[in-house]
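Structure, as structure tokens:
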Amino acid sequence: MHLRWDDLKLFLTVYEQGSLSGAARLLKLGQPTLSRRIAELEETVGEALFHRQNSGVSLTVTGQKLLPAVQNMAEWANEANLGIQKQRFLPEGKVRIAAPPGIAYELIAPWAAKIRRDHPQIQIEALSGVETLNLGRGEADLSLRTEKPTDADLLCVDEISSAVRVFASKSYAAQHPAVSRPADLDWICWAAPYDNLLTNRALRALIPNFKPAFTSDDFIVQIAACKAGVGAMLLPQLLRGYAGFRELQELNIDLDSDAPGNLYLVCHKRRHQLPKVQWVINFISREFDSMRNG
């Protein structure tokens, strides 16, 4: 039995789209042509690969057995194609990265400097904001998020975890050497309309009748207030080595637990294999590895 890769790619596309009509549109083939070629493949295999229903198609037992091998073949073919592309040219163009303000300020800006030095053909556009941009509508190429996506069209290509700890200026820490409870600190956090973000919710859970000392709707203003000695902030420990944190000191405050803060690198599956996007994904993954290693 000899199975052609061209036919197996059709099988994989029908499975991924969930219907012959959807696969035909994606492949720019007539549906009768696609149905005929799938039927020929099934004849070669000797058994049906799909259950055909009004709502679409699903794999038969034989189709389920064939699927992993075809997916591996597709992955190998994609890696070979990317290798050939890299030999022919270096990826170039603008890559838009959406992120919460703190992550854009502390991570994306320093990363952009490294990227500019090492590979100036890539231009980074940081889209900083509290609202989550829609990758499906092309509002950004990549997204750094604190919550894992649930949309099946979004890929979580990497992630990193870090304890959330208390930070303040060295002068503030010196003025409050004996403070050990969250309620004894002056807190800096988000103002309306963002006062229900994770940081504020965590502080309200920690401190009965919580009242912040200073609020702002801008993360950079919050950091400036913290450096000026207004009070303390809840921040991810993994950012400790970055420039914006070097003026801050971690306080030994019991938060009842090392509350984990997760950061997910998210991409829409339509943009995942674009060379410029793949290059930035690999770069960020290397940065994540460095942060994991301390």
Side-chain angles (χ1 to χ4, degrees), residues 1-86 88-89 91-98 125 127 132-143 145 148-157 264-282:
M1 178 176 62
H2 177 68
L3 302 179
R4 296 187 307 166
W5 172 232
D6 285 348
D7 292 334
L8 292 174
K9 284 195 291 186
L10 299 183
F11 162 79
L12 187 58
T13 303
V14 172
Y15 163 73
E16 290 175 342
Q17 294 299 306
S19 70
L20 288 164
S21 58
R25 284 194 298 271
L26 184 64
L27 295 166
K28 295 182 171 57
L29 288 175
Q31 186 170 336
T33 300
L34 179 59
S35 296
R36 175 179 55 78
R37 291 185 60 179
I38 291 295
E40 290 172 353
L41 175 61
E42 290 177 321
E43 185 176 347
T44 302
V45 172
E47 294 186 54
L49 299 174
F50 294 103
H51 296 296
R52 291 158 175 80
Q53 301 155 332
N54 291 336
S55 58
V57 298
S58 60
L59 291 176
T60 63
V61 173
T62 302
Q64 293 171 4
K65 292 178 180 178
L66 180 63
L67 179 63
V70 178
Q71 288 175 324
N72 285 336
M73 291 172 68
E75 185 175 344
W76 296 332
N78 183 57
E79 289 179 359
N81 185 49
L82 286 175
I84 292 170
Q85 288 179 346
K86 288 175 183 177
R88 289 177 179 170
F89 66 91
E92 61 180 33
K94 181 192 295 182
V95 176
R96 299 160 300 154
I97 308 175
E125 181 175 293
L127 304 172
T132 300
L133 297 189
N134 191 315
L135 300 185
R137 292 201 297 263
E139 293 178 350
D141 300 301
L142 295 170
S143 181
R145 302 182 178 184
K148 195 168 188 176
T150 57
D151 187 333
D153 288 332
L154 298 181
L155 305 174
C156 181
V157 293
Y264 302 96
L265 177 58
V266 181
C267 183
H268 195 279
K269 64 183 182 182
R270 286 199 305 267
R271 307 193 68 78
H272 181 238
Q273 296 302 338
L274 290 177
K276 63 179 182 179
V277 174
Q278 188 60 234
W279 192 94
V280 174
I281 288 172
N282 293 337

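Position 1 is the first residue of the sequence; numbering continues from there.
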Check: Phe50 ring centre within less than 6.0 Å of Tyr15 ring centre: no
Please report the shortest heavy-atom distance between Leu133 and Ala98, naming the atom on each side. CD1-CB, 3.8 Å
Residue pair Glu40 / Leu10, side-chain heavy-atom distance below 4.5 Å: no
For Val57 versus Ser19, what's the shortest heavy-atom pair and its separation? CG2-N, 3.9 Å
When you compare the side chain of Arg37 with that of Asp6, does any pair of heavy atoms fall below 4.5 Å? yes
Determine whether Trp5 and Val70 make a side-chain contact, defined as any pair of heavy atoms from C-beta on separated by less than 4.5 Å. yes
For Gln71 versus Leu12, what's the shortest heavy-atom pair and its separation? CG-CD1, 3.8 Å
Go through the steps for Leu20 and Arg52 under the test side-chain contact (heavy atoms from CB on, under 4.5 Å), then give the verdict. CA-CA 9 Å; Leu20 288 164; Arg52 291 158 175 80; 4.3 Å; yes
Nearest heavy-atom neighbours spanning Pro149 and Leu154: CB-CD1, 3.9 Å
Which atom pair, heavy atoms only, marks the closest approach of Ala140 to Leu135? O-CD2, 3.4 Å
May I ask you to test the Lys276-Glu92 pair for a side-chain heavy-atom distance under 4.5 Å? no
Rounded to the nearest 0.5 Å, how far does OG1 of Thr60 lie from CD of Gln64? 7.0 Å
So do the side chains of Glu125 and Asp141 get within less than 4.5 Å of each other, counting heavy atoms only? no
Less than 4.5 Å apart, any side-chain heavy atom of Leu8 and any of Leu66? yes
Using modelled atom types only, decide if a donor and an acceptor are shared between the side chain of Arg96 and the backbone of Gly138 within a distance under 3.5 Å. yes
Just wondering, more than 12 heavy atoms not from Glu43 lying within 6.0 Å of its CD? no
Which of Val14, Thr62, Leu59 passes side chain to side chain contact (heavy atoms under 4.5 Å, CB included) with Leu49? It is Thr62
How far apart are the closest heavy atoms of Phe11 and Gly63, and which atoms are they? CZ-O, 3.6 Å
Leu155 backbone acceptor or donor facing Lys269 side chain under 3.5 Å: no
So OG1 of Thr132 and CD of Glu139: to nearest 0.5 Å the spacing works out to 10.5 Å
Between CG on residue Leu34 and NZ on residue Lys28, distance to nearest 0.5 Å: 14.0 Å
What distance separates Thr33 OG1 from Gln31 CD, expressed to the nearest 0.5 Å? 10.0 Å
Quick one: does Glu47's side chain have a donor or acceptor within less than 3.5 Å of a partner on Glu42's backbone? no
Taking the side chain as every heavy atom from C-beta outward, state whether Arg4 and Thr44 have any pair of such atoms under 4.5 Å apart. no
Contact check, side chains of Ile281 and Leu142, non-hydrogen atoms, under 4.5 Å: yes
Interatomic distance, CG@Leu41 vs CG@Asp7, rounded to 0.5 Å, equals 5.5 Å
